[in-house]
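Heads up: numbering here begins at 1 and tracks the sequence.
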Amino acid sequence: MVAGGSDNAPKLEHRGYNRGLILGLTMAESMLLLVFCLLLVAAAMISAERNKRYEVERKLEKAEQQVAVLEKKRAEQAAEIVLLQSKVVSGDLTAADKAVVDKQWRELVLAKEALDSVTDQGATPADLQSLSKVAAVLREHGISLATAPDAVNKLLASNGGGNGMHDWPPIINLDDAKKNYFQSGSAELTGTFAQLLSTTITDEIASNLSLYGANIVEVIGHTDEQPVAREKSNLDDTIISAMDGKLPVSALLPADNAGLGLARAIAVANVLKANSKLKDATILPMSAAQLILPGDTVTSGQRGAVEARRRIEIRVRGRTAPVAVINVGAAPSTNTQ
């Protein structure tokens, strides 16, 4: 019994010793490790705060230097002002000083007027600073402020508004039913229509050409299905001369609606060609005859006079291929294929 009791004593001591261990460390060792970790964290925080303080002190020193420079300039300008004031009061200004004062005064007045004008239009000095940055970027790309609106409009038009759809130039539709642009069966323009073409319509076409980067103007004449009361047409003999301005439009005598639509398109094209705003555009007269209804659908037959179908459509586009050059003196081709 005694021997058995002596064998159990060391085992109890060993179990009691293990109760004070955390991850194999005693309580004292664990506390020392925890304190060490806290010290490391505190050291890192103190180092970060020290770096922030150094950065703030550096910025403060730089700001103090800038303030000192500005203060020096202010003192110099104040001294110059005092000197000029004393000269003005005493009348001791030289001719050169008077010229400088007058020049600076005029500049101040002009600057004040310009600032007032900009402010009246709703802009602020901050807007002007932003505009100067925009102007610098535009100059880097070879664009002046004067042409910037057109450049931006072209860019927006080419992007199609970002919706993946083509942004086609608008069609200018001149409906005869509203203004009586032509005499019945004739290609001669009324005075009101000619005036409208030379002003409002030309301005709209020029704007579309610039906005979409186009150089072709298509003038398309549409008619109704009322038969033309003429037996014989002279367009084959007169149409080129009328286009060149050698013959008046009244000399064109079409005998069908296809010819009448073309004659009216030529009358409109000649007015547009005479306007200097469209001097860089190629203007092409065309005829759709009586085939196309308003809304771009093909007619299925609609006899009689329908004023809404008598119209001129004007479209702009870019040139799709180089201009073909035809050699009039060349011998005809003998290729029979």
Side-chain angles (χ1 to χ4, degrees), residues 169 171-176 179-210 212-223 228-292 310-333:
I171 299 174
I172 301 173
N173 196 327
L174 306 175
D175 188 349
D176 189 48
K179 298 290 184 179
N180 293 321
Y181 292 138
F182 296 98
Q183 299 295 332
S184 178
S186 170
E188 292 187 70
L189 308 178
T190 62
T192 302
F193 189 24
Q195 179 66 22
L196 182 66
L197 286 172
S198 299
T199 53
T200 305
I201 301 303
T202 294
D203 291 341
E204 187 174 353
I205 294 171
S207 176
N208 288 344
L209 290 172
S210 174
Y212 293 91
N215 54 8
I216 301 292
V217 179
E218 295 180 347
V219 180
I220 306 169
H222 296 262
T223 70
V228 176
R230 186 174 291 110
E231 295 183 359
K232 185 177 180 181
S233 168
N234 71 348
L235 295 189
D236 287 344
D237 299 325
T238 59
I239 194 168
I240 302 299
S241 297
M243 270 292 296
D244 293 339
K246 297 176 182 178
L247 286 177
V249 174
S250 59
L252 299 176
L253 301 176
D256 52 38
N257 280 307
L260 179 60
L262 182 58
R264 289 177 172 177
I266 290 173
V268 172
N270 285 351
V271 174
L272 299 179
K273 285 193 300 181
N275 197 304
S276 61
K277 295 179 181 179
L278 304 179
K279 60 182 176 62
D280 296 325
T282 300
I283 300 175
L284 305 177
M286 302 178 179
S287 174
Q290 67 270 44
L291 290 179
I292 312 300
R310 298 198 294 263
R311 65 198 186 279
I312 293 289
E313 288 183 351
I314 300 176
R315 312 178 183 211
V316 302
R317 62 173 175 84
R319 194 181 300 278
T320 57
V323 178
V325 177
I326 301 175
N327 187 352
V328 179
S333 173

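Taking the side chain as every heavy atom from C-beta outward, Asp280 and Leu209 never approach each other to under 4.5 Å. Using a 4.5 Å cut-off on side-chain heavy atoms (C-beta onward), Asn270 and Met243 make contact.
Heavy atoms only, all atoms of each residue included: Ala187 and Ala267 are closest at O-CB, 3.3 Å. Residues Asn257 and Thr223 approach most closely at CB-OG1, 3.2 Å, considering heavy atoms. Taking all atoms of both residues into account, the shortest heavy-atom contact from Glu188 to Val249 is N-CG1, 4.4 Å. Nearest heavy-atom pair, Ala265 versus Gly221, reported as atom, atom and distance to 0.1 Å: CB-N, 3.9 Å. Residues Pro254 and Leu260 come closest through the heavy atom pair CB-N, 3.5 Å.
With sequence neighbours excluded, the residues satisfying side-chain hydrogen bond (donor to acceptor under 3.5 Å, both in side chains) with Asp203 are Lys277. Under the rule for a side chain to side chain contact (heavy atoms under 4.5 Å, CB included), the partners of Lys246 that lie at least two apart in sequence or sit in another chain are Ser241, Asp244. Applying the side chain to side chain contact (heavy atoms under 4.5 Å, CB included) rule to Asp256 yields the partners Ala258; only residues at least two apart in sequence or on another chain are considered. For Val271, the side chain to side chain contact (heavy atoms under 4.5 Å, CB included) test picks out Leu189, Leu197, Ser198, with sequence neighbours left out. Residues passing the side chain to side chain contact (heavy atoms under 4.5 Å, CB included) test with Ala251 are Leu247, Pro248, sequence neighbours excluded. Remark: Ser287 pairs with no residue by the side-chain hydrogen bond (donor to acceptor under 3.5 Å, both in side chains) rule, at least two apart or across chains. For Thr282, the side-chain hydrogen bond (donor to acceptor under 3.5 Å, both in side chains) partners at least two apart in sequence or on another chain are Arg319.
Gln290 contributes atom CD, which lies 13.0 Å from atom CZ of Arg310 (distance to the nearest 0.5 angstrom). The CG atom of Leu235 sits 10.5 Å away from atom CD1 of Ile240, with the distance rounded to the nearest 0.5 Å. Remark: Leu272 CG to Ile205 CD1 distance equals 4.5 Å, nearest 0.5 Å. In this structure, CG on Leu174 lies 11.0 Å from CZ on Arg311, to the nearest 0.5 angstrom.
Counting only residues at least two apart or on different chains, no salt bridge (Lys or Arg N to Asp or Glu O under 4.0 Å) pair has a member in residues 265-275. Among residues at least two apart or in separate chains, salt bridge (Lys or Arg N to Asp or Glu O under 4.0 Å) pairs with a member in residues 212-222 are Glu218-Arg317.
Shown are Ile201, Ile283, Ile171, Ile220; of these, the side-chain contact (heavy atoms from CB on, under 4.5 Å) with Ile314 is made only by Ile201.
Under a 3.5 Å cut-off, the side chain of Thr200 and the backbone N or O of Leu196 do not form any donor-acceptor pair.
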